[in-house]
Amino acid sequence: EKARDWSFWAANYRNHGRFWEREANINVFDKNREHVLSQEVGIRIQGGASRGLNPKSFNIYARDEYGDNRIRYDFWRTGYYPKRMTLSAGGNDNRGKMLDRLGSELTRDCDFATMHYEPYVLFLNGEYWGFYYLAEKYDTEFVEEYYGIDKGKVIDDIIMVKNGNLEAGVEADLYVSYADMMNAVTTADLTNLTNYEIINQMIDLDSFIDYFAVQGYISRCGDWPDSNTAIWRSRNVSSKPYEDGKWRWMLFDVNSTAMEAGLVDLDCIASMRASSELFDNLCNNPSFRQKFAERLLELTDTVFLKENVNQKIDEYVELMDKPMEKHFQRFFGTSNEKFYEGIEELRFFFNHRREYVLESIRTNFPDVNLPIK
């Protein structure tokens, strides 16, 4: 019992919220060792169960009271100056530190939001603190920047819900807009064409399908989809591409119960139907089943083509080899053998996952017509 619950002991690192934010100064050096930023910010410990791990992740906040409400450096070379960002130690993926980045970079062109990641070495109060990834955070500024939505001057035009809690918008949005969508998608008879078309006006089906197809392929389960989910929509409707009032999905936190060797044979469709009422009810519609199966099959031969995935892993290993060796010496007093064990498990997963995904389609959607080889 203690071994299972240790990460939730009542230690000070379990404390959340603005009260526990501390003022700090960040100094950033680029890969040429040029000093590119010095700024006063707020800092907090970040994460769920991973708060109990060492080293810990940190959220960084820019605020007017610290001198500027944006962090004034283009960390990801996208032209975006964030209000918030995360120094990620990898979450539950503390031996490999690449699952979140791999998931986001492989699926960058899919129809859901992904974060950018940039590798850094952290020194905390001058002491070496290991290998980290600097990542974006999902907020109204993120949506405004990447989707061209005007967040509004009086009331946010962006409504965002994370893990069932309101992240952006007004309280009524949670009990009206979000609740109406959830109720409709989970309870409507979606074998009825009219009902299915109504749902199609409430959610971006392409975003939903891409999101669930990707999560299914990487065997995401455990603490998803009950948590680690985020969706957003525009309040107003206009001719802008993403200002249509439809809910869209956001990928994050795939660093636990995903892409593991022991999950390579997971029946993803059955697992997601059992854990998500949204997905389960949509699967009652034959058009959705066909479209979902087609997209999942397409992903197996494009985004998750094992040659592409292995090339990406090779690039990460080349980058991380020496830094992770120092990281393991600093925190665990060992070589980076565990790092390479994780790499081999990751390769095994993607080298063998496709056959089990195809079997999941055949078993759960026997009525779909696909050119499965």
Side-chain angles (χ1 to χ4, degrees), residues 16-18 44 46-48 59-63 69-71 76 78 80-86 88 100 103-104 107-108 110-116 135-186 199 201-212 214-215 220 223-238 240-254 276-279:
H16 293 69
R18 179 70 185 276
R44 304 181 204 168
Q46 183 268 348
N59 282 334
I60 298 172
Y61 300 86
R63 302 188 190 280
N69 66 358
R70 295 277 184 158
I71 302 171
W76 306 283
T78 63
Y80 173 46
Y81 293 171
K83 285 191 171 183
R84 308 187 298 171
M85 58 187 187
T86 297
S88 173
D100 282 324
S104 287
T107 62
R108 184 76 72 211
C110 290
D111 202 355
F112 50 74
T114 58
M115 298 175 182
H116 292 90
E136 295 166 307
K137 290 187 71 68
Y138 292 139
D139 54 21
T140 55
E141 284 71 29
F142 178 97
V143 175
E144 186 179 30
E145 174 70 23
Y146 292 113
Y147 290 92
I149 305 297
D150 183 358
K151 68 176 182 177
K153 294 181 174 59
V154 178
I155 184 172
D156 279 348
D157 186 32
I158 297 165
I159 306 169
M160 187 182 298
V161 177
K162 180 180 178 183
N163 297 334
N165 299 311
L166 190 68
E167 286 284 301
V170 297
E171 188 175 7
D173 293 326
L174 191 62
Y175 300 106
V176 179
S177 178
Y178 175 73
D180 285 350
M181 181 276 291
M182 292 291 291
N183 182 64
V185 181
T186 56
I199 298 303
Q201 297 305 310
M202 300 179 78
I203 69 175
D204 183 328
L205 272 175
D206 289 334
S207 180
F208 182 92
I209 287 172
D210 270 17
Y211 177 77
F212 271 81
V214 164
Q215 297 278 35
R220 190 72 174 96
D223 58 355
W224 178 88
D226 288 337
S227 64
N228 296 313
T229 61
I231 60 176
W232 71 276
R233 55 156 288 191
S234 62
R235 181 188 308 282
N236 298 320
V237 176
S238 75
K240 289 184 177 181
Y242 295 100
E243 205 166 68
D244 54 12
K246 292 185 178 183
W247 290 98
R248 291 178 166 85
W249 272 256
M250 316 178 90
L251 182 75
F252 74 101
D253 199 353
V254 296
S276 170
E277 291 181 283
L278 293 175
F279 182 74

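What you see is a predicted model, and the numbers here were worked out from it, not measured in a lab. All values below were derived from every heavy atom in this structure, side-chain atoms included, with hydrogens, water molecules and symmetry-related copies excluded.
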- Query: Would you call Leu166 and Ile159 a side-chain contact if the rule is heavy atoms closer than 4.5 Å?
  - Reply: yes

- Distance-minimising heavy-atom pair for Asn165 and Leu174: C-CD1, 4.5 Å

- Tell me, do Gln215 and Phe112 make a side-chain contact under 4.5 Å, heavy atoms counted? no

- Message: Using side-chain heavy atoms (C-beta onward) and a distance below 4.5 Å, is Met250 in contact with Val143?
- Response: yes

- Message: On a heavy-atom basis, which atom in Asp210 and which in Asp111 lie closest, and how many Å separate them?
- Response: OD2-N, 2.8 Å

- Message: Assess the residue pair Asp100 and Phe252 against the criterion (side chain to side chain contact (heavy atoms under 4.5 Å, CB included)); give the C-alpha distance rounded to whole Å, side-chain angles, the decisive distance to 0.1 Å, and a yes or no.
- Response: CA-CA 7 Å; Asp100 282 324; Phe252 74 101; over 6 Å; no

- Query: Is there a side-chain contact between Phe279 and Tyr211 (heavy atoms, below 4.5 Å)?
  - Reply: no

- Do Arg235 and Asp173 have side chains that get closer than 4.5 Å, going by heavy atoms? yes

- Item | Shortest non-hydrogen contact between Met181 and Ile231, atoms and distance | CE-CD1, 3.6 Å

- Task: Give, for atom CD of Glu243 and atom OG of Ser238, the distance between the pair rounded to the nearest 0.5 Å.
- Result: 3.5 Å

- Query: What distance do Met182 atom CE and Trp247 atom CH2 have between them, rounded to the nearest 0.5 Å?
  - Reply: 10.0 Å

- Message: Looking at Ile158, is its backbone amide N or carbonyl O close enough to the side chain of Ser234 to form a donor-acceptor pair, meaning the two atoms are under 3.5 Å apart?
- Response: no

- Message: Strictly by side-chain hydrogen bond (donor to acceptor under 3.5 Å, both in side chains), give each pair with a member in residues 177-186 just once, sequence neighbours left out.
- Response: Ser177-Arg233

- Task: Could you check if a side-chain atom of Cys110 sits within less than 4.5 angstrom of a side-chain atom of Trp249, using non-hydrogen atoms only?
- Result: no

- Check: Glu167 and Asp139 side chains under 4.5 Å, non-hydrogen atoms: no

- Task: Tell me, with the steps shown, if Leu278 and Phe208 meet side chain to side chain contact (heavy atoms under 4.5 Å, CB included).
- Result: CA-CA 10 Å; Leu278 293 175; Phe208 182 92; 4.1 Å; yes

- Identify, with sequence neighbours excluded, every residue that meets ring pair (Phe, Tyr, Trp, His ring centres under 6.0 Å) alongside Tyr138. Phe142

- Residues Trp76, Met115; criterion side chain to side chain contact (heavy atoms under 4.5 Å, CB included); working and verdict: CA-CA 10 Å; Trp76 306 283; Met115 298 175 182; over 6 Å; no

- Message: Is it the case that the side chain of Asn69 and the backbone of Arg63 share a donor-acceptor pair, with hydrogens and angles ignored and the cut-off at 3.5 Å?
- Response: no

- Note on the structure: So CD of Gln46 and NZ of Lys137: to nearest 0.5 Å the spacing works out to 5.5 Å

- Enter the distance from Tyr146:OH to Thr78:OG1 here, rounded to the nearest 0.5 Å. 3.0 Å

- Task: Dump the intermediate steps for side chain to side chain contact (heavy atoms under 4.5 Å, CB included) on Phe212 and Ser276, then the final yes or no.
- Result: CA-CA 10 Å; Phe212 271 81; Ser276 170; 3.7 Å; yes

- Taking all non-hydrogen atoms of both residues into account, name the closest pair between Gly245 and Val237 and its distance. N-CG2, 4.2 Å

- Between Asn236 and Asp157, is there a donor-acceptor pair closer than 3.5 Å when you use the side chain of the first and the backbone of the second? no

- Distance in Å, Arg108 CZ paired with Thr114 OG1, rounded so as to fall on 0.5 Å steps: 4.0 Å

- Task: May I ask you to test the Glu136-Glu145 pair for a side-chain heavy-atom distance under 4.5 Å?
- Result: no

- Task: Please determine which of Lys240, Arg248, Lys246 meets the side-chain hydrogen bond (donor to acceptor under 3.5 Å, both in side chains) test together with Asp244.
- Result: Arg248

- Heavy-atom nearest pair, Ala179 first then Tyr175, reads CB-O, 3.6 Å

- Rounded distance (nearest 0.5 Å) linking atom CD1 of Ile60 with atom CD1 of Ile71: 6.0 Å

- Query: What are the two closest non-hydrogen atoms of Thr140 and Met160, and how far apart are they?
  - Reply: N-CE, 4.3 Å

